[in-house]
Amino acid sequence: MPPKRKAQAALDSDEFDSQEEENLSLSDRETFDRLRDSFDVKAMAQQARAARGSNAASFLFKKCDQFDVELKRDHRNRPLWIDDAGRIILESFSPIFDEAQDFLINIAEPQSRVSKMHEYTLTAHSLFAAVSVGHSSKEIIEKLGRYSKTPLSPSVTAFIEKSTSSFGKAKIVLKKTLSYIESDDPAILEKLLQDPVIAECRADSTNGLIKEAAPKIGAMAIPGTKMAAGANQIAQSTLDPQKPSDMIASLRDEDDDEEEAAHVHSFQIKSEERERVVKQCQDIGLPLTEEYDFNNDEVNANLDIDLRPHAQIRYYQEKALSKMFSNSRARSGIIVLPCGAGKTLVGITAACGVKKSVIVLCTSAMSVVQWRAEFLKWSNINPEDIAVFTSESKNRFPRNAGIIISTYTMITSTRNRSYDSEKVMEFLRSREWGLLIADEVHVVPANIFKKVTYSIASHSKLGLTATLLREDDKIEDLNFLIGPKLYEANWQELSEQGHIAKVQCAEVWCQMTPEFYSEWLKPSTVQKRALLAIMNPRKFQACQFLIDYHERRGDKIIVFSDNVYALEKYARKLNKAYIYGDTPQAERLRILENFQHNDMVNTIFLSKIGDTSLDLPEATCLIQISSHYGSRRQEAQRLGRILRAKRRNDEGFNAFFYSLVSKDTDEMYYSSKRQAFLVDQGYAFKVITRLEGLDQRSDLAFYTPQDRRELLMDVLLAKDTDAESERIAGDMFGTKFASTGGKARKKNGARRMAGTLSELSGGQDMAYIEYNKSRNRELKQKGIKNQFIRKLQRGTANAKKAAK
Ligand SMILES: Nc1ncnc2c1ncn2[C@@H]1O[C@H](COP(=O)(O)OP(=O)(O)OP(=O)(O)O)[C@@H](O)[C@H]1O
């Protein structure tokens with residue numbers, strides 16, 4: 001029975017039939033389960049029936065007083081339910097779904113977007129972001145009312161009015177690398193200065209305010225004015241890809257009719273207290289805006305950069321950028337796009353829009369190399385104008401304006417800076433930057449980002465991420481560290497349109513062998529038990545079986561293991577190449593190059609260094625054998641490695657994502673936690689309880705009891721440190737989470753459905769040949785070069801040369 005009828009049936013029966021509930025697809029079930037946890041389904045169904053509601057979601061709103069209110073007569077044509085607390089359910093099967101979704105994405109936080117129903121929440125932050133991209137309070141209330149099946153409750157209306165009324169009253173600006181709070185209205189500043197925290201952060205000790213003639217910069221975007229209309233026009237512009245030159249022109253379009261305030265008033269704050277002030281202003285209900293009028297900045301030199309003619313911005317990239325650039329200024333904030341959807345090009349286009357010096361911060365030196373290569377690929381920037389600041393190369397650009405790409409660690413580490421590093425840091429500190437692009441921004445801890453903004457005086461900041469997720473729940477910090485979320489794309493929509501691959505996700509349950517399980521049950525250290533679960537021979541065989549199966553289908557496979565001991569054991573035993581933190585850069589590039597272009601190398605093993613930023617469009621299958629506790633962020637980013645699959649637009653193409661878990665161990669608990677985010681993005685995880693044909697395969701590793709006992713001995717003799725996840729210098733991922741033993745999140749885990757591999761993809765008749773030599777060494781002897789890798793290598797070599 002389709003989910004809509006299923007929901008309808010729930011209205012017509014006294015309770016949810018558990019057998020029928022089993023038949024729901026996982027994503028629908030997940031929504032029902034989660035919502036049902038917080039509501040009383042029976043009562044909801046009765047209430048909704050009483051209200052004669054015949055809509056799919058009506059029974060989900062038991063606690064809403066508004067169900068005493070009549071549904072609008074034409075409620076069937078309206079797609080939204082809004083409860084008193086600002087939670088919104090959108091029916092994705094409504095004919096006006098697209099229009100309603102476009103609107104909701106601007107004003108509310110998406111929580112869950114499974115196939116038939118999407119869930120959003122109105123928050124103060126989301127409404128602040130809505131006003132900052134040109135929506136007025138009146139417009140928000142009117143539109144929500146129009147889409148809603150019931151009249152808006154007064155509490156929702158009041159919340160919207162309150163959250164939007166204080167927007168734009170004061171802003172934070174940068175003048176000659178110093179920070180000021182500025183407003184047209186001195187009373188607002190006086191009010192701010194009455195706050196003890198803000199007063200303490202003031203840089204000067206005078207009582208008065210600085211009064212200046214209003215700069216050309218003009219007033220802030222006022223919702224409903226021509227400026228805002230212009231912004232909306234860009235936001236709602238054609239979905240067809242635009243010519244890059246038009247795109248940039250529209251981003252830089254000026255509006256001369258804007259009215260200017262006669263004077264502005266300001267006071268200076270201590271640069272190191274910038275974030276504290278921004279946060280405090282938010283807390284007291286006077287959020288500061290940060291916008292950069294780059295067109296009128298005559299102090300900082302212009303950067304000669306434009307997109308190349310072949311760069312065609314996709315519609316969702318354009319939508320995201322239009323949120324940043326409406327009203328001809330660059331607004332600080334965060335853009336959320338799925339992995340592989342092209343955040344780098346969004347960042348590059350933003351740099352082409354601002355045309356002032358840009359600093360890009362990444363999480364690793366490898367990403368730095370990739371960002372540089374992408375700048376050269378998509379823009380006409382003079383290669384000399386892009387400098388790289390990493391431990392290997394410490395460059396500056398020679399002209400007045402340029403781009404520097406570096407890592408968070410390079411900018412924020414204070415210990416033992418070399419002379420060269422210190423010189424570059426001085427260079428970075430001494431100037432104003434037009435734009436700071438923060439890649440993978442969700443992983444940056446607040447204290448690190450504070451150090452960044454203290455060192456780098458930038459007029460605007462753009463945070464890029466695929467998952468606004470942090471296991472320590474500090475994601476809220478980003479609102480004041482960078483700015484509000486400007487745009488978040490829908491994963492399923494992009495995958496339907498072929499911008500990212502469609503993926504079949506499965507969790508494969510692997511029985512522990514008796515000898516491994518009896519050891520696992522004994523009192524032992526957490527580390528040893530984890531290692532026993534990872535090295536479970538059944539898991540090993542499942543991995544081997546899946547590799548064989550997918551290699552035969554012509555897939556290119558990445559096997560992920562956080563644990564380096566397991567990574568090496570698996571890879572060596574299966575004679576596959578592997579990369580982890582200690583693998584030298586040249587060897588990494590050689591392996592990746594072979595993976596992409598050598599038909600003999602179809603599987604590689606990667607440690608968590610491959611979680612992010614690796615652009616391997618050949619990869620079509622991913623197998624995860626060990627991972628970082630319940631990290632939803634890692635799960636999503638790993639999925640991202642196959643979302644860019646080159647073959648994604650082939651007819652009927654599917655990429656595959658398998659998580660192998662040892663049954664009846666902690667791995668099962670963590671696995672379900674890990675899936676929660678992806679389930680919210682509409683992915684359905686199947687559980688494979690039995691790999692058909694695996695038991696008959698006598699050629700698989702550890703087939704004999706003797707082999708299994710030997711493996712067990714190895715594992716028991718391994719050091720506890722072997723069982724730990726890899727620690728990578730400068731790695732910021734999940735460190736906090738690790739310290740809490742993975743128990744930081746309260747969010748529900750995903751629910752699973754049983755199935756067999758054949759349902760997913762079918763599989764039999766595998767062959768296995770064992771080699772003794774390390775595949776890494778073998779590849780070293782052969783060596784293949786392609787353009788992409790050569791470019792990467794050339795980038796590194798040039799950087800090294802320049803550094804000398
Ligand atoms: N508009 C576009 N036209 C053509 N190719 C594009 C476009 N945007 C992005 N791509 C390509 O898509 C691939 C993925 O882009 P990118 O590496 O920027 O993804 P990402 O969003 O940063 O992913 P991750 O979060 O995994 O790092 C790259 O090969 C990039 O060149």
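Quick note: numbers below take in every heavy atom, side chains included, and nothing from hydrogens, waters or symmetry partners. We count ligands from 1, going down the list as the structure has it; atoms in each ligand are counted the same way.
- Looking only at side-chain heavy atoms (C-beta outward), Thr363 and Asp439 stay at 4.5 Å or farther from each other.
- Annotation: cation-pi pair Lys556/Phe595 present, NZ/CZ under 6.0 Å from the ring centroid and within 45° of its normal.
- Note that the NZ atom of Lys356 and the CG atom of Leu303 stand 9.5 Å from one another [nearest 0.5 Å].
- Less than 4.0 angstrom separates some heavy atom of Lys377 from each of these atoms of ligand 1: 31 (O).
- For atom 6 (C) of ligand 1, the nearest non-hydrogen atom from the set Glu318, Arg314, Gln317, Arg638 comes from Arg314.
- Residue contact annotation: Gln370 has no non-hydrogen atom under 4.0 Å from ligand 1.
- By the 4.0 Å heavy-atom criterion, Gly342 is counted among the residues contacting ligand 1.
- At a 4.0 Å cut-off, at least one heavy atom of Leu345 sits close enough to ligand 1 to count as contact.
- Here Trp491 pairs with Phe677 under the ring-ring contact (aromatic ring centres under 6.0 Å, His included) rule; sequence neighbours left out.
- Partners of Glu384 under the salt bridge (Lys or Arg N to Asp or Glu O under 4.0 Å) rule, at least two apart in sequence or in another chain, are Arg399.
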Side chain to side chain donor-acceptor pair (under 3.5 Å) evaluation trace for Tyr316 with Glu493: CA-CA 10 Å; Tyr316 58 87; Glu493 197 173 288; over 6 Å; no

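- Within 6.0 Å of atom CG in Asn380, more than 12 heavy atoms from other residues, nucleotides or ligands are found, so the atom counts as buried in its surroundings.
- With a heavy-atom cut-off of 4.0 Å, Cys339 touches ligand 1 through backbone and side chain alike.
- Within ligand 1, the atoms closer than 4.0 Å to a non-hydrogen atom of Gln312 are 1 (N), 2 (C), 3 (N), numbered from 1 in the order shown.
- Checked against the 6.0 Å centroid criterion, the rings of Phe560 and Phe657 do not qualify as a close aromatic pair.
- By the criterion of a heavy-atom distance under 4.0 Å, the side chain of Trp378, and not its backbone, is placed next to ligand 1.
- With ligand atoms numbered from 1 in the order given, ligand 1 contributes 24 (P), 26 (O) to contacts under 4.0 Å with heavy atoms of Arg641.
- Within ligand 1, counting atoms from 1 as listed, the ones closer than 4.0 Å to a heavy atom of Glu374 are 31 (O).
- Heavy-atom contacts of Thr344 reach the following atoms of ligand 1: 16 (P), 17 (O), 18 (O), 22 (O) (cutoff under 4.0 Å).
- Heavy atoms of Pro338 approach ligand 1 to within less than 4.0 angstrom.
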